[in-house]
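Contents: one structure, followed by commentary.
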Protein chains: 2
Amino acid sequence: MATHECVQLVPIFQELAAPQLDTIESIVRHHHYQAGETVFSADDALDQLMIVSAGQVKVYQLAANGREQLLYLLQSGDIDGEAALFENQRRSSFGEALVPTDVCSIQREDFQGLMRQYPSISINVLNVFGKRLTQLERQTTSTATESVEARLANYLTETAASLNTDTFKLPLKKKDLATFLGTTPETISRKLTRFEQQGLITQKAGKTIQINDADQLLLAE
Amino acid sequence: MATHECVQLVPIFQELAAPQLDTIESIVRHHHYQAGETVFSADDALDQLMIVSAGQVKVYQLAANGREQLLYLLQSGDIDGEAALFENQRRSSFGEALVPTDVCSIQREDFQGLMRQYPSISINVLNVFGKRLTQLERQTTSTATESVEARLANYLTETAASLNTDTFKLPLKKKDLATFLGTTPETISRKLTRFEQQGLITQKAGKTIQINDADQLLLAE
DNA sequence: TTAAAAAATTGACCGCCGTCAAGAAACTAA
DNA sequence: TTAGTTTCTTGACGGCGGTCAATTTTTTAA
């Protein structure tokens with residue numbers, strides 16, 4: 001009966017065979033969250049690794065002045081809780097389900113045991129971390145050095161490229177997109193209007209955007 | 001004769017005994033750089049892990065508009081080249097020695113072999129990555145949501161706290177500090193002058209700063 | 001010690017974009 | 001559908017901080 005549910009689809013366990021997946025499945029806990037529900041909070045004890053098996057979770061931090069910064073958008077198969085690997089760490093970020101979401105969790109000691117037993121897991125987790133580091137490095141550089149217009153243009157072309165189409169629906173509300181790009185919903189509205197006036201994009205119904213000239217868009221300063 | 005040089009002082013090898021360190025030492029290459037020299041460049045093949053055994057290396061990226069973003073300041077014992085763990089990745093950042101610096105490097109295949117043979121290494125590397133991720137998350141949040149004044153105030157108090165003193169010399173030129181905080185040298189000069197006028201700090205000779213009121217400083221908006 | 005180069009400071013200017021507010025549009029749920 | 005709520009848009013305004021330029025200070029090197 002156990003179809004390994006979330007465990008099966010997580011890349012970090014990909015080298016493992018069925019009986020080992022059974023073992024893991026038996027130490028995993030399952031959770032379900034409604035859209036808008038809190039999956040975890042800053043200051044929670046960091047004693048578990050989380051695996052998103054279905055749905056979408058936004059991970060964000062709060063700055064001292066109360067402003068929100070969206071860091072990651074976890075999709076099915078993504079993991080979080082990296083610092084779960086140290087002792088005595090606390091979370092510094094919040095997780096919130098954006099749609100109905102299924103999550104599995106593994107206790108820290110259990111996961112550390114798995115890593116010692118199956119070294120391929122550690123190496124897979126290192127890969128995940130490395131990619132996340134690379135992404136964050138780029139995000140830091142671009143928010144610190146480029147204009148909002150350039151960041152938005154980049155976001156649009158990258159999203160289009162990753163979806164392999166030039167017409168797509170924005171996967172986030174403008175408020176969330178704003179906290180991701182380090183700006184405000186008002187500014188995003190204005191910039192999109194500006195891009196449209198320049199003929200670079202076309203805004204269609206329901207957050208749908210068509211990119212008309214990706215090359216020119218990327219020249220936005 | 002071999003005193004394990006750099007290998008000995010690197011936390012990621014801390015659980016290993018002397019004969020194992022000898023093995024590692026034998027597969028390591030040693031390099032020396034003068035102040036100002038390039039340690040690595042973006043677009044270099046990412047086929048090795050680097051270990052700083054002495055000196056200081058600044059790691060930075062270039063944005064599309066040519067502006068520089070300082071990401072890390074590697075000290076003795078720090079490692080870099082995380083993405084060395086994937087295949088077919090290229091560097092996205094530059095490394096430059098700020099003072100005369102010794103670096104050891106290990107080829108990717110060699111290091112992956114070590115990780116498989118000694119799982120404690122993987123877990124130590126995971127710790128390093130986790131801390132770096134946490135640091136970058138904070139940096140992203142603060143550059144995206146807080147004012148330059150608040151970021152500078154934070155930097156000063158954190159530096160003082162980590163050095164356990166309220167009088168210290170800035171470890172970076174204003175130009176580098178500016179690229180770290182996502183601003184310009186001119187703005188840093190002005191903000192420091194302002195802090196001094198408010199009595200929060202005192203600027204002394206040779207980049208030395210004394211913090212007079214850390215609590216008040218942190219309230220800077 | 002002195003000259004040259006690099007770094008830092010200060011002033012003037014101004015544009016980007018954040019804030020506040022009001023109205024329109026788009027969802028959501030009976 | 002209709003009412004209510006949330007989200008989005010648009011306008012007006014102003015301040016933070018980036019840029020350019022000139023001067024001073026510090027560092028480097030001869």
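Lettering of chains follows the sequences in order, A, B, ..., and the numbering in each one begins at 1.
Relative to the axis of its first five pairs, the axis of the last five pairs of the helix from C/dT1-D/dA30 to C/dA30-D/dT1 sits at 70°, rounded to 10 degrees.
Atom C1' of nucleotide C/dA7 and atom CG of B/L172 are separated by 14 Å, given to the nearest angstrom. Between B/N65 atom CG and C/dC16 atom P there is a gap of 14 Å when expressed in whole angstrom units. The nearest whole Å value for the distance from the CG atom in B/L170 to the C1' atom in C/dA7 is 13 Å. The CG atom of A/L152 sits 12 Å away from the P atom of C/dG18 (whole-angstrom rounding).
Nucleotides of DNA chain D with any atom under 4.0 Å from a heavy atom of chain A span, from 5' to 3', D/dT7 to D/dA12.
Residue pairs that meet the ring-ring contact (aromatic ring centres under 6.0 Å, His included) test with at least one member in residues 37-84 of chain B, sequence neighbours left out, are B/Y60-B/F94. Counting only residues at least two apart or on different chains, the salt bridge (Lys or Arg N to Asp or Glu O under 4.0 Å) pairs with a member in residues 44-66 of chain B are B/K58-B/E68, B/K58-B/D176.
For the pairing with B/Q210, the side-chain contact (heavy atoms from CB on, under 4.5 Å) check across B/K204, B/Q203, B/E196 returns one residue only, B/K204.
With hydrogens and angles disregarded, no donor-acceptor distance shorter than 3.5 Å links the side chain of A/R67 to the backbone of B/E146. A donor-acceptor pair is defined here as one N or O able to donate and one able to accept, closer than 3.5 Å; no such pair exists between the side chain of B/H31 and the backbone of B/D102. Panel note: side chain A/H32, backbone A/T101; a donor-acceptor pair is recorded below 3.5 Å. Side-chain N or O atoms of A/Q69 include none that pairs as donor or acceptor with a backbone N or O of B/T145 at under 3.5 Å. For B/S93 (side chain) and B/V59 (main-chain N/O), no donor-acceptor pair under 3.5 Å exists by modelled atom type.
Across all their heavy atoms, B/E137 and A/Q61 have their closest contact at O-OE1, 3.4 Å.
Residues from residues 136-147 of chain A lying near DNA chain C, meaning a heavy-atom separation below 4.0 Å, are A/S147 in numerical order. A heavy atom lying under 4.0 Å from DNA chain C marks the following residues of residues 188-211 of chain A, by number: A/R190, A/K191, A/G206.
Ion pair A/D80/A/R132 flagged as a salt bridge, since at least one NZ, NE, NH1 or NH2 atom sits closer than 4.0 Å to an Asp/Glu carboxylate oxygen. A salt bridge links A/K191 to A/E149: at least one charged side-chain nitrogen sits closer than 4.0 Å to a carboxylate oxygen.
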